[in-house]
Amino acid sequence: MPGFGIIKGLKETARNFFGSYHDPGRFVTIQYPEEKREHHENYRSFPFLVYDGDPVKGLRCVSCKICEKECPPQCIYIVPEQDGSGKLLKFPRIFDIDVSVCMGCQICVEVCPFDSIKMDQEFEVSTADRFGGLILNRSKLAKSNEYYHQIRPAEATAVDAQLAAERERQQAKAAAAKSPAPAAAATREKKP
Amino acid sequence: MTPWSTLLALAGDATGSWLAQLKNLATHPWVVNLVAMAVILGANAAFFAVITLLERKGLGRIQNRPGPNRAGPFGILQPAADGIKMITKEDIVPERADQLVHFLAPLVMLAPITLALAVLPYGPQLVAVNLDAGVLFFFAIGTAGELAAFMAGWSSRNKYSLLGAMRAIAQMISFELPLVLSTLVVIMMTGSMSLVEIVAGQGSAAWGLPGWNIFTPWGLAGFLIFLTAAAAESNRSPFDLPEGESEIIGGFMTEYSGFKYAVFFMAEYFGMFAVSGLGITLFLGGWHAPFPFLEWVPGIFWYVAKLVALVFGFIWIRGTLPRLRADQLMNFSWKFLMPLALLNFATAILWHATAGWQFPGAWLCRWLVCFGIVAGAFTGLGRAMLRRRQVGPRIYRYAS
Amino acid sequence: MVDFAQPENAFKPGLPGAAEPACRVVPKYSDQGEREGDWLEISMGPQHPSTHGVFRMDLVLEGETVIRLKPVFGYLHRNHEKIAEQTTYLSSMPYTDRLDYFCSMTNNWAYALAVEKLAGLQVPERAEYIRIITAELTRLQNHACLMGFLMQDLGAMGTPLMYAFREREKILDLFEALSGARMMCNYMRFGGCRIDLPPGWLEQTRRLVADFPRFLDEFEALLTGNEIVMARLQGVGALSRELAINAGISGPMLRASGVNYDIRKVDQYGIYNRFEFRVPLGAHGDCYDRFMLRLLEMRESLRILEPALKDIPSGPIIDARAKLRNFKPRPGEAYGRIEAPKGELGFYLVSDGSANPYRYRVRPPSLINLTILEDLCLGQKVADVVIILGSVDIVLGEVDR
Amino acid sequence: MQLAFTIIALLILAGATAAVALRNLVHCVLCLAVAFVGVAALFLLLGAEFVGLAQIMVYVGAVAILMVFALLLTRNADLPATGPLVSKSWLTGVSIAALVFGCLAIGILASGVGQAAPPSPQLSVRQIGEELMRNYVLPLEVLGVLLTVSMIGAVVIAMTDPKPD
């Protein structure tokens, strides 16, 4: 019977019409600013820098520039701190991320050997200032390890354990060889 | 004469004062006409606002989303927001457009359709103009839409507009025939072209059933043909080709913006109300209540209830069906609806001829015979049309 | 006005008349040189509602019938291949997400496959399972949305599209839980996957796969038997077997023309040989076949997903030899290809032993499937052009790269 | 009554004049449609409801649209936007129209119809129908056959030859 397929289709839309009133599986809309989806722990938005203790001195970043090199859209800009004699210190003087360029790919997090850069979950970063407002500098990027624990408990715990193990190994090594800083040496090797 | 006017008359006689003059003024034909115009326009405009909201809400629910719900509680202020937006938007006219024709097209579209709303009987006494040839008036008015579509499409100097206008005219002409043929059946069976008389003819109820035309086989078929053709006449889905936004962007309305666009939009909805009203008048018993014991409810209530139901049907169809292609639309009109309407005509004649049958169960027998003819024709024509184009379900094989 | 009947003026896009939005027509001449009527030249796109992105078609119409069509693309060109040759292998991975932005998982896989061939990496079994699961989920959501878009082009007010998006959101939620992003997953790595499945993920996926047939049934009830859908799609844009093979068409479009060619069966990359699934074939090669084939493929994808979710072993997810930093594959060349939802997606890489590929080339199924658009559209109505384009299933990110 | 008649008559005259004189053919057709509507209004004013509505349906709905279609399908509707509004040959058009008008006026005045018109009877649609079906049924049938024949002819002309397979 011609027309039957159309009637079947009408039945289907009627079912969805009524279903949207009582079936939450059909009516999935979230009223965004009032309600928000819960993000999974793995959710990522833009990078941030982890610090332990002091927001400036406690930054884990040693300004090795690996992330700057690997970043696909080249949105990271790092200038290491210098001491009075012009010697480079293992600390970033400038660490800028242009969020308007960053595509949140997480490559910087993966390549970082010091677990110093991690992915944030803050996604409401819109601003009226198109250029200045979207460049995150060192102070805006720095977030505490507690915050990291708060957004990604499982991953942060694992990272902490790994860092602690690393530190222990280094201390053991240092105790054995009395050599001051093997980690820095390793970094310098990778830099050319 | 209501007690109120009697009172007025008494007061006038007693005092001979300004009250009498006021009464004279209030019953002056000009004043009465103006009031009727204002009421019809105002009521329809308000209904238009309600229906746009209802349509967006209904479509939203069909698509599993809430629809507009931000402007006011449950989004009831959405029509107002839309209206303000439309009015305050910049009115863009293409540089090389034919300015005058471009300006006039929305008016030519809207004005006649508002006229058509005036002849519909909304209730037992609620008819602004009782024309002797009301149905004819309706179709005469409908032709202005074609001209307006052409004016809009041609004057915009846009290829999509032109294509849309061509489609609109071709579609309106093609579907006018089944539309007229399906109403002709009712006119023939009622013996009048006056809408008021057609409604009056559907009042008598048999065995508690309403005497609406839709409960006869020719009425049922006629109603379905009418509905299909009416959807096409008012450019509703699945016949919204003239403005098929996925193909020709906006059709003849592509180059319109702001208030002119709103006028087109309003004309489209008024057209939908008008043809729905005509359908109610012709087939659904007009303002009559479905059962005699409900006659105490005012007729306008039943009219509006039926109108809302029909409009919601249009919305439902719009939310479900994709649109046809232009040539398929023509085929559908000329090769399917036209023969069906003609056959429905013959069925009505048969129904009329067998009205004298007296044996027990005669009514049922007549009904079944007539319905069988129409349903058989529907199936046969539909099958033939699908088979001719080799359209049908397919079975798929899998690679071994 | 340009005289189109003259051979030296044979249809060229970008002629002065083409860009002019006036109500302008092209005179049409008979063989004897008499003026017979007019052709209407239309520039459809790049800002047309149903070109699926920034894509332009220069159409010449006779009435509403298409007599010439020229696809114009490149509006979204962003130098993907050259950029990839300037950066490290790993840095190109997030860019592959943006090729066919509907199916980042399969794009990742194809690229990873090519690099693994180049570097000789072995993918652990668990990672293979994860790859198959994510790829088939990608196929599900791509096909569902494609059918929604196609119906949108048909003018169905977006209702099927909304249903498809409702289901797609559930799959994207899974991708977000797995990789951190909904569309730009950047999940696969050379030699495996980036991170292991989060706890409870398999459970959720199993539930989704169990629920999915209900959606497919609804979708089928809504669309496949609908007379208007059948009338609009059947017999429109038919692609012959020979042309499909000669033009290098791949994916569901090729199979709709009746060619049994599915790289999952031909190459048996990954561990596809462990799963039972059938390859549906069309007989007519028209839009309806393309549409239905995708529906049937979704059911086959579910048949792959169910055992895959059941049998997934535990173990490592990445080859221990895979290096993230300082990754330099040995010199050589490799071509990795997979059956992406849209067709054969291939990556050709030449390594000179440095950290950057010497040559990087993508074989995008969307672009190659699009090349025969004019052959499909000639003689059809202008309303069909939109549908044919929709049934080809393109994503402009992949076409233009 | 007088006022309404004057307005309608002026409308008809203006529409008809513009239809003859304007340069752009589409404008001409639109003005002609205005004239048709005016004629229909005249009929309505005289109480001939059915004829007036039929006039709109046939002349505005069919004839004007047919002309529009003919214009669009047969010739290049594109004219330069600038240029004189009035057609160059407007004088010829107006003089031909005046000539036709003169002939008609002389004919009508000579026939004696215009003098002392009797009050026209109010015709209802029902009466028209009955007249058509009783007294004028043969002409009606003949007209029907004629229309059918012309329609079949149109179909035959429009039908394309089946492609030889």
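The sequence lines fix the lettering, A, B, ..., with proteins before strands; numbering per chain opens at 1.
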Peer 1: Under 4.5 Å heavy-atom distance to chain A, tell me which part of Ile62(B) shows up: side chain, backbone, both or neither.
Peer 2: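 The answer is both parts of Ile62(B).
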Peer 1: Got a sec, which residues hit salt bridge (charged side-chain N to carboxylate O under 4.0 Å, His left out) with Asp120(A), two or more places apart in sequence or on another chain?
Peer 2: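 Asp120(A): salt bridge (charged side-chain N to carboxylate O under 4.0 Å, His left out) contacts with Lys143(A).
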Peer 1: Indicate yes or no: does Lys173(A) engage Glu168(A) in a salt bridge with an N to O separation below 4.0 Å.
Peer 2: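 Glu168(A) and Lys173(A): not salt-bridged.
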Peer 1: I need the residue from Gly382(B), Gly58(B), Gly319(B), Pro66(B) with the largest number of non-hydrogen atom pairs under 4.5 Å to chain A.
Peer 2: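 Winner by heavy-atom pair count: Pro66(B).
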Peer 1: For the residue pair Pro92(A) and Val79(A), establish whether any side-chain heavy-atom pair is separated by less than 4.5 Å.
Peer 2: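 Of all side-chain heavy-atom pairs linking Val79(A) with Pro92(A), none is under 4.5 Å.
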Peer 1: Of the backbone (N, CA, C, O) and the side chain (C-beta and beyond), which part of Ile317(B) lies under 4.5 Å from a heavy atom of chain A, both, or neither?
Peer 2: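 Contact with chain A: backbone and side chain both.
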Peer 1: Sort out for me which of Leu381(B), Leu386(B), Asn69(B), Leu59(B) touches chain A most, counting heavy-atom pairs under 4.5 Å.
Peer 2: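 Most heavy-atom pairs under 4.5 Å with chain A: Asn69(B).
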Peer 1: Are Asp23(A) and Phe18(A) close enough that some pair of their side-chain heavy atoms sits under 4.5 Å apart?
Peer 2: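 Asp23(A) does not reach Phe18(A) side chain to side chain.
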Peer 1: Using a 6.0 Å distance limit plus a 45 degree cone around the ring axis, check whether Arg61(B) lies over the aromatic ring of Tyr21(A).
Peer 2: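 Verdict for Tyr21(A): a cation-pi partner in Arg61(B).
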Peer 1: Name the region of Glu12(A), side chain, backbone, both or neither, that has any atom closer than 4.5 Å to a heavy atom of chain B.
Peer 2: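 For Glu12(A), no heavy atom lies under 4.5 Å from chain B.
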